[in-house]
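Below is one structure; the comments refer to it alone.
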Amino acid sequence: MAKGTINVSVENIFPLIKKFLYSDHEIFLRELISNATDATMKLKHLSNIGETKVEYGNPHIEVKIDKDAKKLHIIDQGLGMTKEEVEKYINEVAFSGAEEFLDQYKDKVDDAGIIGHFGLGFYSAFMVADKVEILTKSHKGDDAAHWTCDGSPKFTLVKGKKKDIGTEIILHIADDSTEFLEEARITSLLNKYNKFMPISIKFGTKKVNDPDHTPATTTDKDGKETTEPQKQITVDNIVNNPSPAWTKQPADLKDEDYKGFYRELYPMQFEEPLFNIHLNVDYPFNLTGILYFPKLGNDMNIQKDRIQLYQNQVFVTDNVEGIVPEFLTMLRGVIDSPDIPLNVSRSYLQADGAVKKIASYITRKVADKLKSLFNDNREDFEAKWNDIKMVIEYGMLSEEKFFEKSDAFALYPNVDGKYFTYEELEAKIKNNQTDKDDKMVILYASNKDEQHSYIEAAKAKGYEVLLLDSPIVSHLIQKLESTKENISFVRVDGDSIDKLIKKEDTAISKLDEDQTKTLDELLKEVIPSDKFMVQLEPMDSDAAPFMITQPEFMRRMKEMQATGGGGGMFGMGNMPEMYNLVVNTNSELVGEILGTKTKKKQERLINQSLDLARLSQGLLKGEELTNFIKRSYDMIK
Ligand code: ADP
Ligand code: MG
């Protein structure tokens, strides 16, 4: 019998392991199952290349709880180890790995996210066990080996009794870790980390209907039918799907398969995804995965940790920040790559060359997919636009490469539900909506109902009005204005329509200088100057007499600040709302105001008109609204 002391410089590594990895004890199971999987895959490989006499067959990994004896078993049918190999791989390699890990991470215990992403390998077993045994028999045909270690660096290694090839790890669960003897706890761990591991994992048995048994139905003398109970059989409870959709070739998958896999990933999600993107590269890095576009709408507060990261089918994390470009974290699905370094901090990750390549590959794939969806079935793409535009607009804002490609699929709907690409939009409006300074003015509304009268005024001029209603649109148009040549976006209620798109021929005022002065003074007396800037303008006589507008610049800055970023530096958020009151000097009503004899009546007309203008902007509320209604009734009496 061999006895020994494992050669470590850290005096007693086990308390350290416990301490440093306190919050993530549960990863021991993932580590041990990963080892079992590796051992099985290695045997498969040896068998494929004819380097072993062992029949590979159809191996599985078994997890077994022995609650009474407080033991947890992990049993594989992999290549096993000889005594010498246990000596080498467990005592030397695994231990030095553990030491190295602790060396590297003992100062970074706060970086809890990272520790969970990086296993400590075999020795993580000591986080939950006070004694660990390895029973193993190598495919090479040597004697079995039996290693025991009680949580100090002392171990024993003797000849074992194991008959079948493979390895059994026995954990004597420590008193502070008995949760890992609970079936429900283990089930949920297997579900979290091992749901898609490549080797079948058996955990207990379950009862299912016997496929060979069809219950017979008998009819008694009264004609009453009775069906005998369905026979049940006991089968292995296999907890994982060893070949999830993302490991298959796109050509072998149908739309139904993708949807089925989505349900497998998100069993509680009842809404189907809009479409998916299958990622599949092996050069210059390895990456597979499937991303799904869920229905997003205009809600910015969507849960972002829905993409799962795997490494060779082992779950690593659902926090893909730094790996997947930010705008795509709104999507769902999985990515699997052995090339993503996980034992590093997030900031390092973001600077890592390979990871950058991965992010830009994913961005490109998503852009290509959107382009082909648009080209293949524009109608369908338009129908989905409202649910995907947030991702696309966010991507256009945050990823330059994506922005460059987005002209091929980014859409600009008008208020009547017609969709344009930027190019189409430009062709459509260039002639009519270019102002005297040669700037192309793109008119938009954010709400069809609230801005109805302004939209109608613009349409009456033959202008096109877009409907841009996503919460980040102010940022997006800012970006478009700074990249496209000589354009500007203005919301339809930003000013009177003639001012929004200034043409050479300015209308002539019906009022002479004296009348204009009188009107101006009159208005200033009645209209509160802290709320409205009065602006006299000669417009078409049938355009609205009074109109409230909010300057584009100010409104946009406020909006941008509300949704984060840009505009903040101007401190606009704290500015009171300021509106312009545009008074159409050519309107009949203005003529009437000037023509009215008594001051009182004039004031009443002005107040009534101002209130009507406020009403059409949704600005008349509370007491003022009540007064308005009362005044209106008095007027029609
Ligand atoms: P790693 O898996 O990163 O190599 P571990 O500490 O998890 O590190 O394991 C150390 C080594 O012990 C493995 O590389 C392998 O050679 C051996 N080993 C561990 N578990 C098994 C097993 N179930 N079957 C065969 N070999 C194993
Ligand atoms: Mg390992």
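For ligands, and for the atoms within them, numbers begin at 1 and follow the listed sequence. Heavy-atom basis, side chains included; hydrogens, waters and symmetry copies ignored.
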Checklist entry - Is the closest N or O pair between N35 and ligand 1 shorter than 3.5 Å? => result yes
Checklist entry - What about L79: any of its N or O atoms under 3.5 Å from an N or O on ligand 1? => result no
Checklist entry - Could you walk me through whether E133 and H146 pass the side-chain hydrogen bond (donor to acceptor under 3.5 Å, both in side chains) check? => result CA-CA 7 Å; E133 293 179 69; H146 185 177; 2.7 Å; yes
Item to check | For G121, atoms of ligand 1 separated by under 4.0 Å from a heavy atom | outcome: 5 (P), 6 (O), 7 (O)
Checklist entry - Atoms of ligand 1 less than 4.0 Å from Y89 heavy atoms? => result 10 (C), 11 (C), 12 (O), 16 (O), 17 (C)
Checklist entry - How far apart are the C-alpha atoms of L171 and I169, what are their side-chain angles, what is the distance that settles it, and do they pass the side-chain contact (heavy atoms from CB on, under 4.5 Å) test? => result CA-CA 7 Å; L171 307 184; I169 310 287; 3.9 Å; yes
Next on the checklist: Is a donor from one side chain sitting under 3.5 angstrom from an acceptor on the other, for Q232 and N209?
Outcome noted: yes
Checklist entry - So, E393 and S470: side-chain donor and acceptor under 3.5 Å apart, yes or no? => result yes
Checklist entry - At the 4.0 Å heavy-atom cut-off, does M81 count as touching ligand 1? => result yes
Checklist entry - In a check of side-chain hydrogen bond (donor to acceptor under 3.5 Å, both in side chains) between N241 and each of E264, Q313, K195, which one passes? => result E264
Next on the checklist: Checking contacts here: is it the side chain or the backbone of D76 that comes within 4.0 Å of ligand 1, counting heavy atoms only? Could be both or neither.
Outcome noted: side chain
Checklist entry - Where does I90 meet ligand 1, judged by heavy-atom distances below 4.0 Å: at the side chain, the backbone, both, or neither? => result side chain
Next on the checklist: Looking only at the aromatic ring of each residue, does the gap between the centers of W147 and Y89 stay below 6.0 angstrom?
Outcome noted: no
Checklist entry - Do any N/O/S atoms of S34 come under 2.8 Å of the Mg ion (ligand 2)? => result no
